Structures are given as structure tokens and as C-alpha cells.
Amino acid sequence: MAKKKNLPLSKMPKLLWELHNKMVLIRRFEESTIKSYQQKKIGGFLHAYIGQEAVGVGVLAHKKPEDSVVTSYRCHGLGLALGISPEACMAEVFGKVTGIVRGKGGSMHFFDKERNLLGGHGIVGGQFGIGIGAAFASNYKKQNAVSFIFFGEGAVPQGTFHENMNMASLMNLPVVFICEDNKYAMGTENVRILANTSISEAAAFYKIKGYAMDGMNLSEIHDQMGDIVEEVRKTKRPALIHLKTYRYKGHSVSDAAKYRTKEEEEKWKEDDPLFKSADLLVSEGYKTREEVEAEDKKTKDYIKEIVKLAESSPDPPLEELTQHVYFDKREGERWQ
Amino acid sequence: MAKKKNLPLSKMPKLLWELHNKMVLIRRFEESTIKSYQQKKIGGFLHAYIGQEAVGVGVLAHKKPEDSVVTSYRCHGLGLALGISPEACMAEVFGKVTGIVRGKGGSMHFFDKERNLLGGHGIVGGQFGIGIGAAFASNYKKQNAVSFIFFGEGAVPQGTFHENMNMASLMNLPVVFICEDNKYAMGTENVRILANTSISEAAAFYKIKGYAMDGMNLSEIHDQMGDIVEEVRKTKRPALIHLKTYRYKGHSVSDAAKYRTKEEEEKWKEDDPLFKSADLLVSEGYKTREEVEAEDKKTKDYIKEIVKLAESSPDPPLEELTQHVYFDKREGERWQ
Amino acid sequence: MAVITVREALNQAINEEMARDENVFIIGEEVAEYNGAYKISEGLLDKYGKRRVVDTPISESSFTGLSIGAAMSGLRPIVEYMSFNFSLVAMDQIISNIAKMYYMTGGMYNIPIVLRGCNGAAAQVSSQHSHNMESFFAHMPGLNVISCSDAADSKGLLKAAIRSNDPVIFLENEMLYGTSGEVPDEEYVIPIGKGRLVRSGDDVTIIAHSRMMIYAKEAAAELEKMGIQVDLIDPRTLKPLDYPLISESVKKTNRVVIVEEGHYWCGIGSQIAEFIYRDLFDYLDSQIIRVAQSENPMPYAKGLEAASLPSTKKIIEAVQQVTYTGAPS
Amino acid sequence: MAVITVREALNQAINEEMARDENVFIIGEEVAEYNGAYKISEGLLDKYGKRRVVDTPISESSFTGLSIGAAMSGLRPIVEYMSFNFSLVAMDQIISNIAKMYYMTGGMYNIPIVLRGCNGAAAQVSSQHSHNMESFFAHMPGLNVISCSDAADSKGLLKAAIRSNDPVIFLENEMLYGTSGEVPDEEYVIPIGKGRLVRSGDDVTIIAHSRMMIYAKEAAAELEKMGIQVDLIDPRTLKPLDYPLISESVKKTNRVVIVEEGHYWCGIGSQIAEFIYRDLFDYLDSQIIRVAQSENPMPYAKGLEAASLPSTKKIIEAVQQVTYTGAPS
Ligand SMILES: Cc1ncc(C[n+]2csc(CCOP(=O)(O)OP(=O)(O)O)c2C)c(N)n1
Ligand SMILES: Cc1ncc(C[n+]2csc(CCOP(=O)(O)OP(=O)(O)O)c2C)c(N)n1
Ligand SMILES: [Mg+2]
Ligand SMILES: [Mg+2]
């Protein structure tokens with residue numbers, strides 16, 4: 001592996017600045033959606049990515065345009081990390097026709113064809129097969145794309161995780177399995193659902209490589225993932241990454257998170273990925289504390305703008321109700 | 001563990017003779033069902049246990065009355081090993097009302113309440129949950145029973161295998177997972193479906209013990225399983241056993257097994273578990289070759305008898321068609 | 001009579017049955033320490049302990065299978081699916097094992113199991129979280145299917161389900177959990193297979209279950225003002241169906257509207273309609289009108305979601321159609 | 001016209017479409033090296049290689065999911081389930097992902113996928129291997145459901161299914177694979193949603209699909225001898241349904257018998273019946289009689305299995321009932 005040519009993030013001021021601000025964008029976006037949800041301007045389920053920003057941003061820094069990404073319902077962060085228009089993302093969460101999937105999917109179902117974001121899926125573990133399918137298609141078409149499958153540690157006990165690891169290994173599919181272990185699956189701590197919480201050890205049986213990583217540190221994630229993604233792309237051998245992270249909020253907005261202590265939450269907040277990357281920017285002398293804060297302020301203002309835009313955007317027209325059920329024209333259909 | 005008190009099978013002439021003759025019973029029973037199937041006296045699917053006799057007989061030698069057993073459609077061998085009446089087994093395969101499940105289940109669905117045989121299941125992997133449920137019930141009722149789950153290596157890539165291993169480990173369920181790796185899942189060799197054919201290695205991720213074993217040697221299986229079953233019973237920690245065996249016939253009677261060579265078949269036949277236990281009986285001086293053969297002959301004659309009996313037994317009466325759909329009486333039901 | 005919510009009613013039913021029978025246990029995601037994702041199992045862990053109130057990983061297929069094995073070994077499991085959308089990953093266990101077991105074993109092993117949880121749409125939970133599973137389950141012989149609309153029925157029928165020696169699919173609705181109703185003070189069990197006449201009228205029969213009963217009641221009240229008297233039936237048990245109750249009503253009203261939250265094609269309403277048409281053909285003065293979810297997956301946007309679902313207005317229009325009282329078109 | 005088996009017809013359809021479109025591939029258990037458990041994919045591995053003819057482990061959920069991801073990435077998968085009984089372990093992928101995807105993505109990702117394999121009973125394969133899945137799939141918007149009865153339709157409709165830009169559930173029947181029929185020599189595709197009038201008569205409409213067509217044809221021949229002329233319809237596509245064809249027939253005959261191999265409750269026949277009753281109420285001279293599988297899981301014993309299933313005799317009796325020509329009872 002051409003390890004030498006991969007510079008560490010700390011030595012790439014432009015990228016570090018960009019990735020840091022992506023994390024800030026996600027953080028502010030999510031804070032805003034929670035507020036709007038509490039104001040009942042957003043409905044359904046809303047799962048914030050706050051606390052986990054380093055994972056999505058750090059991993060997807062290595063995504064090439066032809067690569068694919070798939071994840072669970074906790075998908076805003078990855079959508080934004082991929083560079084989908086925040087306006088369209090916000091509009092989607094507000095259920096507007098200007099949303100990325102025309103208000104039909106909502107918060108849990110972000111998709112983007114340009115960037116090969118294959119969802120946003122609501123069923124725990126439902127995304128694994130889709131992810132390996134994208135890798136299969138890349139091999140089929142003799143392209144060189146990698147498929148990133150993000151999932152919570154709560155999906156590890158679902159059989160589908162194992163089926164797809166076996167399949168990806170057998171078929172030599174270029175897949176990166178990324179377990180975002182935020183310690184909880186709803187109200188259940190990982191130790192109560194997994195016979196083994198060292199999730200990267202699951203790789204061994206499938207004869208693929210497993211890696212454990214701190215999920216709260218952007219530059220570490222970025223640096224380690226660079227090599228791994230490169231190797232997967234070259235060897236077409238899947239890899240499993242276990243990232244320990246934490247969601248600062250409840251499972252969804254309606255969860256008061258009483259199953260954990262305030263102390264625990266505080267401990268993890270000391271480890272905030274945004275603080276760390278801000279510190280790095282300052283300590284390396286790339287930016288002043290003021291510049292960092294000014295940019296954050298800009299982001300906050302921008303989010304306010306796009307909330308206003310989303311609120312004033314049109315709902316999907318009623319004609320859309322029965323559109324997009326089938327792609328092909330149907331003759332003689334008859335039902336109600 | 002009280003290892004000393006477990007005598008090896010080679011030192012237990014009575015048990016060895018009994019188990020050997022169980023294997024012979026299974027072999028002759030299966031040869032007979034294949035013949036009847038070819039004569040179109042038996043319908044549906046028929047999956048013979050020939051070649052794998054040592055596994056079922058060797059493992060179940062350690063089954064106590066309160067223990068449970070569950071397996072796949074390839075279930076005749078285990079049924080007979082458990083001591084279910086061969087008459088009732090044969091009648092079931094013939095679809096007679098005198099069969100163990102009144103002719104309603106057939107060859108794939110052997111059950112026995114007295115011995116806690118919980119099936120006989122047709123869907124690959126469908127039996128895992130049932131097996132761990134029996135162990136759960138034993139813990140629940142503070143009994144000391146063990147649950148034996150038999151499955152083919154073809155079930156390993158099904159997610160349900162992993163779900164249930166995780167669950168059994170988490171919940172401390174006294175389960176023995178017994179993988180009968182007969183090298184093929186229908187026409188597919190194990191190397192083509194498993195990223196890793198050392199199946200006992202799957203245990204590690206679940207923090208349970210895994211064992212690999214020769215599946216063609218009755219006394220080895222018996223001796224090793226004694227300790228393992230004892231440990232599972234005592235510790236309530238599940239264990240995974242990988243037994244390499246071979247089915248001498250096709251997957252089912254309709255499979256010509258063209259996917260493997262005659263040489264391979266012959267090689268495995270040299271390793272026949274029945275020969276080995278017969279040799280052991282003779283070499284230890286417990287029986288003469290003639291005694292062994294006379295007993296085999298008796299078994300063959302007996303099988304002929306029970307075939308005749310099955311053939312002349314009554315079909316389930318037509319009133320049974322809609323019986324056993326619901327246990328409780330249903331009032332006001334209305335349907336067709 | 002006490003006034004309690006559907007949530008409390010379900011909780012009481014489980015609690016009482018667990019107190020009554022040591023072999024009853026409840027298993028599912030978040031049922032124990034979290035007291036249930038929707039708090040149906042509130043307090044049960046404290047009272048009965050970990051042995052009988054069992055949290056699981058997200059492994060629906062496994063804990064469904066476990067419960068089957070436990071049922072075959074003498075226990076009486078209550079399986080909670082956080083929602084029936086997630087029962088899809090356990091569908092093989094439900095159909096191939098639960099529904100077939102008693103028959104396949106020639107009567108050797110019956111499966112006393114209750115599978116329960118939210119069914120259908122909630123509020124904007126979108127495509128993958130809004131399935132109605134009634135007809136999936138009613139299609140397969142071997143299962144009973146129950147779906148109640150109020151607290152009293154929920155309690156009485158869940159108790160019956162737990163006591164049933166056959167598998168019961170017990171379909172709840174998130175939007176009903178917080179609704180209140182009177183419940184008898186003394187212990188009671190409502191027999192499986194008995195429907196309920198919610199209100200009586202001569203002009204038209206409306207059949208509705210679960211959350212749809214809210215709209216059906218509103219519609220009936222509106223229609224009364226318009227001079228149309230509704231015979232309103234809640235089947236409660238969808239399978240077995242209380243056909244005598246329906247039959248009596250149809251013979252009286254000669255007109256029928258069937259409301260269901262789920263989809264139209266092969267919905268439970270298609271079967272109820274077919275029974276009526278087949279057996280009471282000459283009693284009908286109009287074709288039956290069904291009100292059901294529109295023919296599309298559930299959209300997220302609030303307006304589209306509302307347009308997808310049956311409503312009081314749609315039910316009124318359907319009644320006007322079968323009674324020929326609507327505006328001339 | 002060549003006479004070929006249904007097996008050959010299906011094989012030709014796949015072969016021709018794979019030749020026509022590089023993006024079509026077939027995946028499933030035993031499809032490649034074994035040439036298919038039922039030999040539908042015979043010869044394809046030799047011709048197209050491992051890249052496009054893909055053997056899998058017994059992991060239905062995984063290879064269904066894989067195919068969805070592949071479809072979203074520009075390929076056109078044909079997924080073979082050795083039988084649809086095994087699709088139950090992949091049900092979540094089929095319902096939550098395949099059926100919902102195009103809608104949930106606001107029209108961004110359509111899923112051109114064919115899920116095919118044996119459906120229904122074979123010969124004594126017992127409870128867990130004899131499910132009929134028509135109504136399961138027809139219930140869910142977003143899926144098309146096809147089930148043919150002969151070689152010509154099988155070929156023409158499988159080709160259409162492969163070319164469809166929407167998901168198609170293609171239900172075959174093991175007992176039909178070996179049956180032969182004429183097939184056009186030139187290339188042809190049968191449009192999805194078009195039924196076929198198998199024979200024409202004025203007295204009664206019989207609607208039947210898949211294997212049931214064998215019995216329906218025999219019944220029609222018998223009935224002709226008895227002076228009853230049957231209009232025999234094979235919908236071929238169950239969803240979308242060729243309602244105009246059915247409607248025309250019912251308007252002519254005023255009497256209907258619907259035959260299906262699957263169960264009665266919420267079966268596909270309940271929906272077809274409901275459509276007819278609803279829209280052609282005044283044309284009907286009798287209630288519709290449905291012939292379906294009896295209300296029990298499939299038993300193993302030959303005699304019981306036969307008694308479970310529809311038969312020529314049962315169809316004749318049903319026709320006698322709707323035409324009031326049976327023996328007085
Ligand atoms: C199959 C299935 N079962 C249950 C649920 C309900 N549910 C939604 S999220 C969730 C917890 C998932 O936890 P994890 O995978 O760790 O992801 P996180 O929410 O922590 O990101 C559960 C149980 C579901 N969506 N799908
Ligand atoms: C879920 C499922 N998929 C496919 C099948 C069809 N099938 C029956 S047996 C079998 C092979 C199983 O092989 P293995 O587990 O090794 O058991 P063996 O037959 O060798 O004893 C297959 C694919 C099935 N019964 N269930
Ligand atoms: Mg988590
Ligand atoms: Mg095998």
C-alpha cells in the first residue's frame with residue numbers, strides 16, 4: 001500500500017477546515033431540526049446525528065464520486081457530509097416537495113442519485129444487502145467503486161449483518177462495513193445485546209480485516225480510513241470497522257434517555273469531535289479561535305435561513321399521492 | 001469437570017453394541033425408504049441420513065429424557081436414534097394415520113413429545129430459534145435440560161444461525177449447536193457458500209466454545225460429546241460443534257449428485273462409521289463378525305416387516321383434513 | 001367503571017395474566033428496563049423480574065423462534081414487536097412455524113403464543129413504518145387475528161389471547177394507546193370471535209376496526225344528523241370473524257360500508273365483503289363500498305399521509321353512495 | 001410453432017433477455033453450476049459465465065438485498081427463489097425495500113427486478129413447502145404479480161417482466177414445468193396487465209391462473225358435454241389485473257366462478273370477486289363461487305393433500321351452483 005502518499009489530516013489545512021465545517025453544519029442542522037420538531041413543525045421520527053459527526057465526515061472524506069453509501073434512518077449527517085444541498089435536506093425533513101425525495105421519504109429516508117446515497121432505511125439491518133449490491137454492480141461493470149455501509153451496533157445481532165459479511169467476503173465485494181457504535185440501541189446498552197462488544201472481531205470468521213477505532217476523533221478516523229478504503233478498493237476484499245462514538249441526544253426526539261447518567265453524557269461531551277478539530281485548527285495555527293467561531297456563527301445563520309425557506313416551501317401537491325408507485329405506465333389497472 | 005467418570009465407548013460393550021445397532025437400524029431404514037420412494041410408494045421430498053449415522057447416534061447417546069432435540073428435514077436418523085418406534089416412523093413416511101404425526105407431516109417433519117423431538121423442519125435455519133427456546137424454557141423452569149440443535153453447514157450462511165448463537169450466549173442458554181457438515185448443501189460444496197469452512201470458529205465472536213470433530217467415527221463423537229454436553233449442562237454456556245461427515249446419497253432421492261466424483265464418494269465410503277464400529281466390536285472381542293452380521297440381517301428383516309405394516313396401514317381419514325388447525329374450539333367461524 | 005387508556009388496559013391484561021399463570025412471560029425489544037417502547041409493559045420488570053420480562057437484541061426472527069420453542073416446552077410467550085413492520089424479518093417463523101405447527105405435528109404441539117405490537121400508520125412515520133398486516137396474517141390458516149378499538153376490548157381480548165391455546169396475532173395501534181375508555185372493574189375476558197355492535201341503526205352497516213373506529217363513530221354521528229342511522233360493527237376479532245353479528249346487521253340494513261386502514265387489494269375488507277356478497281347476495285340493495293388506504297406506499301408529508309388514509313369524510317361519502325343519498329353526480 | 005415445455009419457455013425467456021441486455025443477470029441458489037434446482041437456468045452458466053449467472057449461499061435475505069442495491073446501481077436482476085416458501089426469510093427486503101423504494105425516493109430510484117420461483121403446492125411437499133403467495137404480494141402497492149399457466153405465456157410474460165422497470169413477482173408452479181405447449185417462433189413479449197380468454201362461452205365465466213388452469217380446462221370440457229358453455233379467463237397478470245377482459249365476460253355470462261390454488265381468506269380471488277361484485281353488481285345472476293384450498297395447512301398424506309386442493313370436480317360443482325344446474329339438494 002502506498003501509505004506514504006496519504007498525508008495526515010493535520011497536515012492538510014484546507015481539508016481540515018472543510019471537514020470541520022461539515023461537522024459544524026451537521027451539528028447546527030440537527031440542533032435546528034430538534035427545535036423545529038419540538039415546535040411540531042416536523043413530524044414522524046427524528047434521529048439526530050449529534051455526537052457522531054466525526055464518523056460520517058471522517059469516513060466519507062474518502063468517498064469518490066462513483067462510490068456508494070447506504071445507512072439507517074439516522075441519515076441527515078451522512079447526507080450533509082456527502083454534500084447534498086442542506087436546503088433540500090431541510091425541506092425533506094419538513095415534508096416539502098422541494099425536499100430531496102419530494103417530501104415522500106422524510107427524515108429517515110434520504111437518497112441522492114448524484115452521489116449514490118442509497119438511503120436512509122428504517123428497518124434495522126435493512127441496508128446491508130443494498131450496500132453489498134452496489135459493490136456487486138461495481139465489480140459487474142468492472143468499475144472501481146467502493147460501497148460504504150453504515151449501521152448502528154444495534155444491527156449487529158440481526159442475522160442480515162452476518163449474511164452480508166459472508167456474501168461480501170465470498171464474492172470479493174469492495175465493501176466497507178462501518179459500525180457506528182454509539183453505545184445504545186434505543187434504551188439498550190450495547191453490552192446487553194451483544195455477546196461480544198468488540199465488534200471488529202466479527203470480521204475474523206469471514207476472513208476479512210476488522211479494525212477498531214475511536215469514533216470521536218475526526219483526524220484519526222480520516223487518517224486510518226484513508227489506507228483502509230484504498231486497500232478495499234484495490235483488493236476488493238471487504239473490511240469491517242468498529243467506531244466507538246456516542247449520540248448526545250436521545251434515540252429520537254421523543255426519547256428522554258433516562259437509561260444513562262448525566263455523568264456519562266458529560267464524559268462523552270468532553271470528547272466532542274467538534275472541539276477537537278477546532279483545537280487542532282487553532283493549535284496548528286491554521287485558523288484563529290475567532291475565525292472558527294465566526295464560521296460557526298455563519299453556519300447558524302445559514303441554517304436559520306434554510307429553515308425559513310423550508311417552512312415557506314410548498315407541500316407536495318395532492319396529485320403526487322399516487323405518483324411514483326410504478327415507473328412504467330400501467331394500462332387497464334383497476335383498484336378502487 | 002468430572003472427566004474420569006466418563007468411560008470411552010470402546011470400554012462399554014453394551015452401549016457400543018446398542019449404538020452400533022442403532023446406526024445399522026438407521027442405515028437399513030433409509031435404504032428401504034429410498035427403495036420405496038423409487039417405487040413411488042412414498043411421495044414428497046426424501047432426504048436420507050445415510051453416511052451421517054455416527055453424528056446423530058453419537059451425540060444423542062448423551063441426551064437425557066428431559067433434553068430437547070431439533071433438526072432439519074433430514075430427520076429420520078435422529079428420530080430413530082432417539083428411539084421413536086420405527087413402525088411409526090415408517091408409517092409417517094408412507095403418509096399413514098399410524099405415523100408419528102398422523103401422516104400430516106411426512107418425511108421432513110418428525111416430532112415426538114415424549115422425547116422432546118421438536119422437529120423436523122423444512123426451512124433451512126428455521127429450527128434454531130425453536131432449539132434455543134427449549135433451552136430458555138429449561139432455565140425458566142429451573143430444570144437442567146440441554147437443547148440439541150442439529151443443522152447442516154448450508155444453514156451457517158443464514159443469518160438466523162448467528163442471531164441465535166448471539167442470543168444463546170447472551171442469555172446463558174444450555175444449547176449444543178451441532179453442525180453436520182456433509183460437505184454439500186444440495187449441489188453446492190461448502191467452500192462455495194462459506195467464507196470460512198472452519199465452522200467452529202464462528203463460536204469465538206459469541207464467546208462460546210467451538211469444537212471440530214470427525215463426524216464419521218462413532219466412538220470419538222461419543223467420547224468427546226460426553227464432556228461437552230456435561231459442561232453445557234453445568235455451565236449453561238452454549239457450545240458449537242462442527243462435525244465433518246458425508247451423505248452417501250444425493251441431497252434427496254431426486255438428486256443424481258453429479259456435482260461430485262465417484263472417487264470422492266468412494267473415499268468417504270472407506271470411512272464408513274458402521275464398518276468402524278463393527279470393527280471395534282470385533283477387535284475388542286465383544287462380538288464376532290458373524291454376530292454383527294446376524295444382527296444386521298435381523299434388522300433388515302425387521303425393516304421389511306415394518307414396510308409391509310406401513311403399506312397396509314390406513315390413510316388418514318378425510319375428516320382429518322380440517323382437524324388440528326386450531327386447538328381451541330371456535331364458535332361462529334365462517335369461511336367457505 | 002374506571003376510565004383508563006388503551007395503554008393501561010393492555011398493561012393490566014398482561015399483568016393480570018402473568019399473575020394468574022406462572023408460565024406466561026413477555027419478550028421483546030425494550031420491554032423490560034425501558035418499560036416498553038410504548039410503555040405497554042410498564043412496571044412488569046419490577047413486579048416479575050428478568051426471568052419473565054425479557055429484553056432482547058434487535059433479533060426479531062430469533063426471539064420469535066425462541067418463543068415457539070418455549071411454547072412447545074410448556075410456556076406461554078407474549079412476544080412484543082415494537083411494531084408489526086418489524087415482524088417482516090420474522091415472517092418465516094410466523095408463517096412456517098407458528099401457523100403450521102399444530103397441524104404439521106398432527107395435533108401433537110399446539111402453540112399458545114401471542115404476537116403483539118403496533119400495526120398500521122402512526123403520525124408521519126413514512127413508507128417502511130406504516131404497514132397494515134391484517135390480511136397477511138388472516139390469509140394463513142392456523143392464526144387468529146385480533147385488532148381492538150378501545151380500552152375495554154383491548155383488555156378483555158388480550159386476556160383471551162394470552163389464555164388461547166392457539167397462536168394469536170394481536171394488532172394494536174399507536175394512535176389509540178393514549179385514548180381512554182371505561183373498563184369493567186371486575187375481571188373479565190372477551191371471547192375470541194365475538195364482535196361488538198357499537199351503535200345500532202337501520203339504514204346502513206359500517207364495519208370498522210382499530211383506529212378506523214374513531215372515524216366511523218364520527219361519521220355515524222354526522223350521518224345521524226343527516227337522518228341516516230348507522231349500525232356500527234367492530235369485529236374486534238378479524239379471524240375468526242363474528243359472521244352471525246355481521247349477517248344479522250346486513251339483513252336489517254341491506255347496505256354496507258367496510259372501513260380499514262390498510263390497503264385495498266386483498267385487504268381484510270375484501271374478504272369480509274366477499275363473505276357478505278356470497279351469503280347475503282339477495283339482501284343487498286347496493287354494492288358494498290370499501291374505504292381503505294390509497295394504492296401507494298405511505299408518504300411522509302402530512303397532507304399526503306392524511307389523503308392516503310380513510311377519514312370521517314370518506315366514510316360519510318361511502319355511506320351516501322350506498323344509500324344513494326349523496327349529491328347527484 | 002414449436003412445442004416446448006414451460007421449463008424451456010422460461011429458460012428461453014431468460015436466455016434471450018440476457019443476450020439482449022448486458023445488465024440482466026440471474027442470481028440464486030443452485031442457478032449456476034447445478035443449472036437450477038428445477039433446471040430453469042440450464043446452460044446459462046456455460047453461455048454467460050459466473051459474472052452473470054451467480055450461485056449463492058442459502059441467504060435469501062442477503063441476495064435479495066444485493067439485487068436491490070444492484071438494481072439501484074443500474075443492473076436488472078432476476079432473483080430465483082428455489083421456491084417462494086423461502087422468500088419468507090427475505091420478506092422484509094421485498095416489502096420494506098422493493099415495494100416501497102420508488103415511492104419513498106420520490107421517483108428517484110425505480111427497481112427493475114424480477115423475483116421468480118415455484119409458488120404453491122407441488123406433490124406432497126407438506127406444510128412448510130406449499131405456500132401460495134399471490135395475495136401477500138398483491139396486497140402491497142409497488143409490486144406487479146404475474147402467474148402463468150402455459151409455455152407461451154410464461155415466455156412472453158417473463159420477457160416482459162425482465163424488461164419492466166418496476167418490480168415483478170413472477171410465480172411459477174413446479175407441477176407445470178414439464179407441461180408442453182406451442183410457442184411462437186418469432187420473438188414476442190406479452191404486455192403486463194393483459195389477460196387471455198382461453199375459451200369462449202356464454203353461460204359462465206371461470207377465472208383461473210397457474211396450475212388451476214389445467215383443472216379449469218378439464219372442467220370446461222366436461223361442462224360443455226353437459227351443455228354449459230364456459231368463458232374461461234386466465235388473468236396471467238394478477239396485478240395489475242385485466243379488468244376490462246373480466247368485465248366484458250361477466251357482462252355476457254352473468255355468472256362467475258373463481259379458482260385459485262391458495263387459501264380462501266383474503267386470497268387473490270377475494271379481491272377479484274370484490275371488484276366484480278362492486279362494479280358489476282347488477283349484471284350478476286348469482287353470487288360468485290370461489291374454489292380454493294381448504295382452510296388448513298397443507299398435509300403430507302396424498303389423499304389429504306388432494307382433498308385440500310381445488311379439482312376439476314370442485315370446479316364443475318361450483319359452476320353447477322352458479323348456474324343452478326346441480327342436483328337438487
Ligand atoms: C427490524 C427492526 N426492529 C426494530 C426497530 C426499531 N428500532 C429503530 S432504531 C432501533 C435501535 C437501533 O440501534 P442502533 O442500530 O444501535 O442504531 P442507533 O439508533 O444507535 O443509531 C430500534 C430497535 C427497527 N427499526 N427495525
Ligand atoms: C430458506 C431455505 N432456502 C432454501 C431451501 C431449499 N433447500 C432445502 S435443503 C437445502 C440445502 C441445505 O443444505 P445443508 O444445510 O448443508 O443440509 P443437508 O441437506 O446437507 O443436510 C436447500 C437449499 C430451504 N429449504 N430453505
Ligand atoms: Mg446505537
Ligand atoms: Mg450439507
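Here the structure is a predicted model, which means the values were calculated and not measured. Chain identifiers are assigned alphabetically (A, B, ...) following the order of the sequence lines, protein sequences preceding nucleic acid strands; residue numbering begins at 1 within each chain.
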Members of residues 178-194 of chain A whose heavy atoms come closer than 4.5 Å to chain C: A/Ala185, A/Met186, A/Gly187, A/Thr188, A/Arg192, A/Ile193

For residues 247-258 of chain A, give me every residue with a non-hydrogen atom less than 4.5 Å from any non-hydrogen atom of chain C. A/Asp255

Side chains of C/Gln128 and A/Tyr73, heavy atoms from C-beta outward: is any pair under 4.5 Å? no

Let me confirm one number: the [atom1]-[atom2] distance from [X] to [Y], rounded to the nearest 0.5 Å.
{"X": "C/Tyr300", "Y": "A/Glu92", "atom1": "OH", "atom2": "CD", "answer": "8.0 Å"}
{"X": "C/His129", "Y": "A/His109", "atom1": "NE2", "atom2": "NE2", "answer": "7.0 Å"}
{"X": "A/Gln323", "Y": "C/Asn296", "atom1": "CD", "atom2": "CG", "answer": "10.5 Å"}

Do the ring planes of A/Tyr259 and C/Tyr34 sit parallel (below 30°), tilted (30 to 60°) or perpendicular (above 60°)? tilted

[X] to [Y] - nearest heavy-atom pair and separation:
{"X": "A/Pro157", "Y": "C/Ser59", "answer": "O-OG, 3.0 Å"}
{"X": "C/Gly303", "Y": "A/Leu318", "answer": "O-CD2, 4.1 Å"}
{"X": "A/Gly95", "Y": "C/Ala301", "answer": "O-CB, 3.5 Å"}
{"X": "A/Leu321", "Y": "C/Leu304", "answer": "CD1-O, 3.4 Å"}

Out of C/Ala123, C/Ser126, C/Pro299, return the one with the most heavy atom pairs under 4.5 angstrom to chain A.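 Going by pairs under 4.5 Å, I would pick C/Ser126.
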
Give, as side chain, backbone, both or neither, the part of C/Ser62 having an atom under 4.5 angstrom from any heavy atom of chain A.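 Nothing of C/Ser62, per the 4.5 Å heavy-atom cut-off to chain A.
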
Answer with side chain, backbone, both or neither: which region of C/Glu60 has an atom nearer than 4.5 Å to a non-hydrogen atom of chain A?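 Both backbone and side chain.
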
Looking at A/Lys104, A/Gln158, A/Lys96, which one has more heavy-atom pairs under 4.5 Å with chain C than the rest? A/Gln158

